[in-house]
Q: 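Here you go, one structure.
Labels below follow one simple rule: chain letters A, B, ... track the order of the sequence lines, proteins then strands, and each chain is numbered from 1.
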2 protein chains.
Amino acid sequence: MSVYFGTFENKVDRKGRVSVPAPFRQILATSAFQGIIAFRYQAPEAVEACSLEFMERLDQSVSDFDLFSEAHDDLAFNIFAESHQLPFDGEGRVILPAALLEITGIQEHAAFVGKGPTFQIWEPSALAERKSEARQRAPNLTLRLRRNEPGGAS
Amino acid sequence: MSVYFGTFENKVDRKGRVSVPAPFRQILATSAFQGIIAFRYQAPEAVEACSLEFMERLDQSVSDFDLFSEAHDDLAFNIFAESHQLPFDGEGRVILPAALLEITGIQEHAAFVGKGPTFQIWEPSALAERKSEARQRAPNLTLRLRRNEPGGAS
DNA sequence: TGTCATCCCATTGACACCCATGAAATCCCA
DNA sequence: TGGGATTTCATGGGTGTCAATGGGATGACA
């Protein structure tokens, strides 16, 4: 299992297609569904994206517990209902639906940002703004790792 | 087994037919019954829908427990008795019975909402309202997953 | 015979698939 | 180590196919 990182800015062509960055595609290569699941989540101007499997696990983490519970209902309406299943074309591109273009403000370019187990899609200038905010708020960020088990490259 | 995602709004023609969204039909393609099971459940303005197989599992999960229990009896009266078996026509459409049109208020358009293991059918504006409620009620929904099993793409 | 549901076919618009191009990164070998 | 060859990637565009929709024809049933 891999981790999404890095920022990539790609062009949206006149058909509305964008290339998903190759490194991200490589992580998704083993997925049953060749494409991404994109949905709105918390950050109002960003689109969250992940694999189908991530979504299925998310579903199971709730519905094993209680299928018709309120918790599941909130999850469903906030995430599943707002999700878009975007298949790759032969070249690894997806087309962003109008709804996602609207909430992000994406027109000519889209920025892909790795965020670990998922990644996000932004309008580039909105992302730049968000990044500088983050820098100001945490200038002295320290990284703390748990010591990992012996064996395996780091 | 797959998960129903996304929201799709389709037109109801003058014969009362609506196309079930193609992605949903694809999930249902392996079902023994080519169509959907529709029933009212909890949400007063929504129709819950699923495959025949899901219905059978729902029954078993209760009747394994206790066939003549009050729980099973309630399930029978509330769900099975009010369920409609809606077959697809050649183009993947179903006809919504008058009873379901009435409780949902559906007239010209019907919105299909993926909710994970099932999906719902709403009158579009009623759905929009329900969604904004959900958004307000769960602003801090986390994407945290439970620790997952090894293997599988993320 | 009238009403209703099912089957079949037509239309249109979106998009999935195919191929082409150029740029950049990588590889390979002298 | 330098430079040509090869591969990968992002991008652009044409076209066939499929989904959503509409409507006519056929059959069941009262």
Side-chain angles (χ1 to χ4, degrees), chain A residues 2 4-38 49 52 83-102 106-114 119 121-124 127, chain B residues 2 4-29 33-38 49 84-102 106-114 119 121-124:
Chain A
S2 267
Y4 302 95
F5 59 91
T7 300
F8 306 86
E9 185 176 327
N10 288 336
K11 191 157 183 278
V12 180
D13 70 16
R14 87 176 64 168
K15 290 186 181 179
R17 298 176 298 188
V18 214
S19 288
V20 173
F24 292 3
R25 268 162 25 211
Q26 199 164 10
I27 296 175
L28 292 162
T30 58
S31 172
F33 167 64
Q34 280 307 290
I36 66 177
I37 312 294
L52 179 64
S83 294
H84 300 260
Q85 201 163 356
L86 311 180
F88 291 144
D89 68 5
E91 283 69 39
R93 290 172 292 194
V94 296
I95 71 176
L96 297 175
L100 297 184
L101 294 178
E102 195 178 336
I106 289 173
Q107 292 181 337
E108 292 285 301
H109 296 271
F112 293 77
V113 194
F119 59 95
I121 310 174
W122 289 72
E123 197 282 320
L127 175 64
Chain B
S2 264
Y4 298 95
F5 293 112
T7 300
F8 305 87
E9 187 176 325
N10 287 336
K11 193 155 182 277
V12 180
D13 70 16
R14 83 176 67 167
K15 292 185 182 180
R17 299 175 297 187
V18 214
S19 288
V20 174
F24 292 3
R25 269 164 21 215
Q26 200 165 8
I27 296 175
L28 292 163
F33 168 63
Q34 279 307 290
I36 65 177
I37 312 295
H84 302 261
Q85 203 163 348
L86 310 180
F88 291 143
D89 69 4
E91 283 71 39
R93 291 172 289 195
V94 295
I95 296 181
L96 297 176
L100 297 184
L101 293 178
E102 195 177 337
I106 290 173
Q107 292 181 336
E108 292 284 301
H109 296 271
F112 293 76
V113 196
F119 59 96
I121 310 174
W122 288 72
E123 196 283 319

Q: Tell me if a side-chain donor or acceptor on B:Asn10 pairs with a main-chain N or O of B:Ser19 at a distance below 3.5 Å.
A: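 Flag set: sc B:Asn10 to bb B:Ser19 pair under 3.5 Å.
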Q: I need the CZ-C1' distance between A:Phe88 and D:dC9, as an integer number of Å.
A: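 One finds 14 Å between C1' of D:dC9 and CZ of A:Phe88, rounded.
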Q: Where each residue is assigned the nucleotide of DNA chain D containing its nearest heavy atom, which of A:Val20 and B:Asp89 is assigned the position nearer the 5′ end?
A: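 It is A:Val20 whose nearest nucleotide is closer to the 5' end.
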Q: Look at the rings of B:Phe24 and B:Phe8 and say which category their plane angle falls in: under 30° parallel, 30 to 60° tilted, over 60° perpendicular.
A: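 B:Phe24 vs B:Phe8 ring planes: perpendicular.
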Q: Just the rounded figure in Å: distance from C1' of C:dC19 to CZ of A:Arg17.
A: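 That distance rounds to 12 Å.
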Q: If you check every side-chain atom of A:Lys11, which of D:dC9, D:dG24, D:dG12 has the closest atom?
A: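 Nearest to the side-chain atoms of A:Lys11, counting from C-beta on, is D:dG12.
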Q: DNA chain D: B:Arg93 or A:Gln26, which has the more 5' nearest nucleotide?
A: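 The residue whose closest nucleotide sits nearer the 5' end is A:Gln26.
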Q: Without decimals, in angstroms, what is the distance between A:Ile95 CD1 and C:dG13 C1'?
A: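 Distance, rounded to whole Å: 13 Å.
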Q: Quick check for you: to the nearest 0.5 Å, what is the distance between B:Trp122 atom CH2 and B:Thr7 atom OG1?
A: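 The distance works out to 11.0 Å.
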Q: Between A:Arg25 and D:dA10, does any side-chain N or O lie under 4.0 Å from OP1 or OP2?
A: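 So the side-chain polar atoms of A:Arg25 do come within 4.0 Å of the phosphate oxygens OP1 or OP2 of D:dA10, strictly under.
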Q: If you measure from CD1 on A:Ile27 to CZ on A:Phe119, what distance do you get to the nearest 0.5 Å?
A: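 Separation between the atoms: 8.5 Å.
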Q: Please state how far atom CG in B:Asp13 lies from atom P in D:dG23, giving the value in whole angstrom units.
A: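 So the CG-P distance, B:Asp13 to D:dG23, works out to 8 Å.
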Q: Rounding to a whole Å, what distance do you find between A:His84:NE2 and C:dA14:P?
A: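 Going from A:His84 (NE2) to C:dA14 (P), I get 17 Å.
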Q: Which residue, B:Lys15 or B:Glu91, contacts DNA chain C at a nucleotide closer to its 5' end, judged by nearest heavy atom?
A: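 The residue mapped nearer the 5' terminus is B:Lys15.
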Q: Send over the distance from A:Phe8 CZ to D:dT8 P, rounded to a whole Å.
A: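 After rounding, the gap between these two atoms is 18 Å.
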Q: Nearest to the side chain of A:Arg14, heavy atoms from C-beta on, is which of D:dG13, C:dA16, D:dT11?
A: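 Between D:dG13, C:dA16, D:dT11, the one nearest the side chain of A:Arg14 would be D:dG13.
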Q: Tell me the interatomic distance from A:Leu96, atom CG, to C:dC15, atom P, rounded to whole angstroms.
A: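 Computing the A:Leu96:CG to C:dC15:P distance gives 12 Å.
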Q: Roughly, in whole Å, what's the span from CD in A:Glu108 to C1' in D:dG12?
A: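 The distance from CD of A:Glu108 to C1' of D:dG12 comes to 14 Å, rounded to the nearest Å.
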Q: Identify which nucleotide among D:dG23, D:dA20, D:dG14 has an atom closest to any side-chain atom of B:Ser19, counting heavy atoms from C-beta outward.
A: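 Closest nucleotide to the B:Ser19 side chain: D:dA20.
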Q: Using modelled atom types and a 3.5 Å cut-off, is there a donor and acceptor pairing between side-chain atoms of B:Glu123 and backbone atoms of B:Glu108?
A: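 Looks like no, no N/O pair under 3.5 Å.
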